[in-house]
Structure formats: structure tokens, C-alpha cells
Number of protein chains: 2
Amino acid sequence: MADSAQQPATESGDNFASQVLGSLKQDILSGYFSPGEKLRMNRLKERYQVGVSPLREALSQLLVEQLVIVENQRGFTVHPISMEEMLDIYETRAHIEALCISQAIEKGDDEWEANILAAAHRLKKSGDLIDKQADELQEWEVRHQAFHSAIAQGCNSPTLLHVRRSLYEKASRYRNLWLKHNMVDGTMFDANQKEHDELIDALLKRDTARATALIRQHLLSPSKALKETLPSLLEG
Amino acid sequence: MADSAQQPATESGDNFASQVLGSLKQDILSGYFSPGEKLRMNRLKERYQVGVSPLREALSQLLVEQLVIVENQRGFTVHPISMEEMLDIYETRAHIEALCISQAIEKGDDEWEANILAAAHRLKKSGDLIDKQADELQEWEVRHQAFHSAIAQGCNSPTLLHVRRSLYEKASRYRNLWLKHNMVDGTMFDANQKEHDELIDALLKRDTARATALIRQHLLSPSKALKETLPSLLEG
DNA sequence: AAAACAAATAATGTCGACATTTTTATTTTT
DNA sequence: AAAAATAAAAATGTCGACATTATTTGTTTT
């Protein structure tokens, strides 16, 4: 480190860029920085307490993941959102997730099945006590993601899983935008739970056709809701 | 620019990082920098005639694309190759390409068909005069890629095409490695030509099952060849 | 001579400084 | 007053400098 007063983040061992990358990505995905917003260096420097070099390195990485855009001599900007992109991301994500699942059904072993059931149990427990508390909902989100991750993991392909994660992050940007303006419905959890049970059943029976159809339906329902809400968000 | 003596690359309008990104990526994909090789900053500074800042930004982007790896305080290294990764990349690539094609068959219009036939014609012309000259082979590669690109473009999904490009680049690293140690066979072009003709036939007849099966075979045959050659390359 | 330790050399990661460009504010002109 | 021209301010992109950490070399000890 160039100065003793510099140890801004908790995770030591990584450099500043990788630390700020996580925070910055979170801030973009969560909507702290709005789509299309200009990311001025002075503001970022203050917020993350680092110089321009690590910031530019982190932003360069987000550039590849298409979460920011850059124009020469005009700095970085949060990647704008659009109806077309939203639909394209969700559609592609559905295809990729279906691919992961079909591969997992082919290759998944006992350990895979066990991990799914374990993750499903954790998710159910979290969904039972629907407090609608912000932090409990956050926990449910984490377990929900973990559940679907456990399923996809069975494909046993790092390359494919890498693609999957990238698409999940891009989609979560739209989902968070939607969550900001819509309260969650309690009945949603029950419907979700039912879909999960059906999916697990199809997986264990190695019924690829049914499983991929179910996951497609499961993933695309938020995009249908977004399709109605997005226009108002884009304007105001 | 901080100094009048700095105008290293041809494409003006972009910043140094984006210019060096292209050269650096090319140098890694082509094998100028070997897998696992340490990328010392002094050497890179000399080669590309820029300071560390643009270099680190370019390397940060290659980090996301998994073409380099980084270890804190130990700098950047060319991503190592392995049999497992090679097989995984080619397998995933085959799945993604099949997905592109099935979507293209669903959505492709007249313009799509016309572009395919045009690209096929250019490719055939280039393949007819097999001189085995290095630069002519280079041109054939470009047209071959353009042909398959024209097909995939029909899916009309920027997100999916982005994934496709990323996988193509990762795979080309292995392919170039193989080309370095194996002369191209003249008969290969004929076999290739036949596969292309069949593929076009299936596409125009909108026969998804046959088209995806053909593309899978087409894409995976290099990986089979690599599977035999790689071990000797990995050793020395 | 091999191992353990110490000193030097080299390489990385970060910041501040500065030239260049873009954006905003002000003045001038028709 | 609206438009054009000019001046001022702010922001970007790059490099050199420097502290920190790895690596290599040299020396001492057993």
C-alpha cells in the first residue's frame, strides 16, 4: 500500500480493485446507481475511499459484463435499461437455465440430488415465516438463489455455470428495480413453493422435457410482470 | 495525452486501454504469450508502448473473460490451459451454437437466408484455391467464422450472441495452439465443405433436429483431434 | 556442502500531478 | 432577446513516483 491510512475494505488478500468491484457491482445491481447515471470519479473516490486506478480497473471489468458503458473522454455510465434488453436477457437466461438442467439431469449423481433436497428444505423453512421484513426477505432471496444454483451445479460445467451467473446478475438488476416499486405478495410464496416441488419431482424422475418446461415458466413469469411495469419506470 | 510522444495505436477515438486490449487479446489467443506465462509489466510496457494504467485496465477485462488470472502482489499470468477446460469449452460451445441455430431457425427471415448463402459463397471461393499460404489460410479462417456468424445472427439475441463470441475466443486459443503443431490437410477443406452444404440444406428446410446435430458434429471434431494432441503440447 | 538467514534486487499496486478534453458560465454580437 | 463566441470550471486519461511485497542472490552457520 502506498499509504498507511489505506485499508478500506474487509477482505484482505485481494487488491483494491477486486474489493471495490464487489461494492460497485452491488450498488449497480441494487439500483443505488440508476440506469444511465453518470459515474463521476470524484464521487466514486469519496464513496469507496480509493484512487482512480483501482476504480478504473473495477469499472473495466463491469464493462465486459455490460453493467457500465464507457465513452472516450466522457467517463463511465451505468448501462441503461430497456424493454428490449430485459426481454432478451430473460429469454436467454431461460434457455441457459434449461440447458444447465438438461445437462444436470444427464450427469447429476446422488450428491447432486441430496444437495437439491437440502437447499429446498432451507428455502421452505425461510418461506414459512413470511414476515415481510426486509432482511428476512433478503435471506429468502439468498436461499432461493442457492436452491436453483444447487440444481444447475449438476451440469458440472464451469464454463456453462459462468455464463449462467453472468446472466443472473444482469437480470437481477431488473428484478430489483421492480421490487423497489412493488410490494411482495404473500400468495407468491405459495405459488413459488408449488413450482419448486414440481421441479424437484421432475428432476428426480429425470424427466428432462417436463423439467425444462417448468424452469422456463418459473423464470419467465417475472419478466411478464416487468413487461407491464417497466414502461412507467422508464418514464418516471 | 500526457505527453506528445504518445500515439501508439492506429484506432484513434478509443483510449489506450481499449487499444491495448485488442493487441493483448490477440497475442494471447494467437499464442504469442504462452499459457501460464507470467506477464511482467515492464515487458508489456515496452511491447505496447503505454504505461501501467492502461495495461492494468486491459488486463482487468481479460480477467473477466478468463484469458488471464491475477494473484495479489504477484501480477498477471496467462490463463493456463488444460484438457478439462478444453473439453468443457468445446462442449459448452457446441450447446450454445446449437441454441443459436435453433433460435435462428425459428426467427430467421429472408435476409438471414440471403446472408448465409452470400457468406457460404465467399467461403467456398476462398477454399477452392487452397494455396496453403499462411495469409490465404488466415483469410479462409475469417470467412469461415463469418459464415457461422451469419447463421447464428438469425437468433436475433444480442445477449446470446455475446456469449457465443466469448466462447469462440476462448476456443480459438486452443485451436491456434493446435494449428502451430499440425499442418492443415487439403482433404479437410472438402470434408468441411460437405458439412457446410448439409448444414445450409437443413437450415433452409428449417429442420432443427438435423441442423443442431450437424453443428454439434462440426464443432466437436476439432476437440477430438485436440484431445489426442494436447497432452504432448502440455508437456513440452 | 546443505540449510538457514540476511541483504539486494526486482516487480507490483496505489496515489498525486498534469495535459487534454468536455461541460458550464459569461460576454458579445446581430 | 436569441445565437454565437469566448472564458472559466470541472472531469477524464495517462504517466511518474513511491511504499509494499516477492524473488533472487549472497553470507553465515551447523
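Keep in mind it's a predicted model, so treat the numbers as computed, not measured. Proteins come first, then strands; the chains are lettered A, B, ... in the order of their sequence lines, and each starts at number 1.
Every residue meeting the side-chain hydrogen bond (donor to acceptor under 3.5 Å, both in side chains) condition with B:E141, not counting sequence neighbours, appears here in chain and number order: B:R175. For A:F147, the ring pair (Phe, Tyr, Trp, His ring centres under 6.0 Å) test picks out A:H196, with sequence neighbours left out. With sequence neighbours excluded, the residues that form a side-chain hydrogen bond (donor to acceptor under 3.5 Å, both in side chains) with B:E85 are B:Y174. Listed by chain and residue number, nothing satisfies the side-chain hydrogen bond (donor to acceptor under 3.5 Å, both in side chains) test with B:N156 (two or more places apart in sequence, or in another chain). Every residue was checked against the ring pair (Phe, Tyr, Trp, His ring centres under 6.0 Å) condition with B:W178, not counting sequence neighbours, and none meets it.
The list of salt bridge (Lys or Arg N to Asp or Glu O under 4.0 Å) pairs with a residue in residues 147-160 of chain B, not counting sequence neighbours, is empty. Contacts classified as side-chain hydrogen bond (donor to acceptor under 3.5 Å, both in side chains) and involving residues 50-61 of chain B (residues at least two apart or in different chains) are given here: A:R56-B:E57, A:E57-B:R56.
B:N15 contributes no side-chain N or O that, together with a main-chain N or O of A:N72, makes up a donor-acceptor pair within less than 3.5 Å.
Look at OH on A:Y48: it is 19 Å from C1' on C:dT14, rounded to the nearest Å. For B:L55 and D:dT14, the CG to P distance is 11 Å, given to the nearest whole Å. Per the geometry, CD belonging to B:Q73 stands 7 Å off P belonging to D:dT21, to the nearest Å. When rounded to the nearest whole Å, the span between NZ of B:K45 and P of D:dT14 equals 14 Å. Per the geometry, CZ belonging to B:F16 stands 13 Å off C1' belonging to D:dT12, to the nearest Å. Rounded to a whole Å, the CG atom of A:N72 is 12 Å from the P atom of C:dT23. Between the CG atom of B:L44 and the P atom of C:dG13 there is a distance of 12 Å, rounded to whole Å. As rounded to whole Å, 13 Å separates atom P of D:dT12 from atom CG of B:N15.
The pair B:R173-B:E169 does not meet the salt-bridge criterion, since no charged nitrogen lies less than 4.0 angstrom from a carboxylate oxygen.
A heavy atom lying under 4.0 Å from DNA chain C marks the following residues of residues 33-43 of chain B, by number: B:K38, B:L39, B:R40, B:M41, B:N42. A heavy-atom distance below 4.0 Å to DNA chain C is reached by these residues of residues 59-71 of chain B, ordered by number: B:E71.
In terms of position along DNA chain D, the nucleotide closest to A:R74 lies nearer the 5' end than the nucleotide closest to the other residue of the pair A:R74 and B:S53.
Candidate nucleotides D:dT21, C:dC15, D:dG13 were compared by shortest atom distance to the side chain of A:V50, and C:dC15 ranks first.
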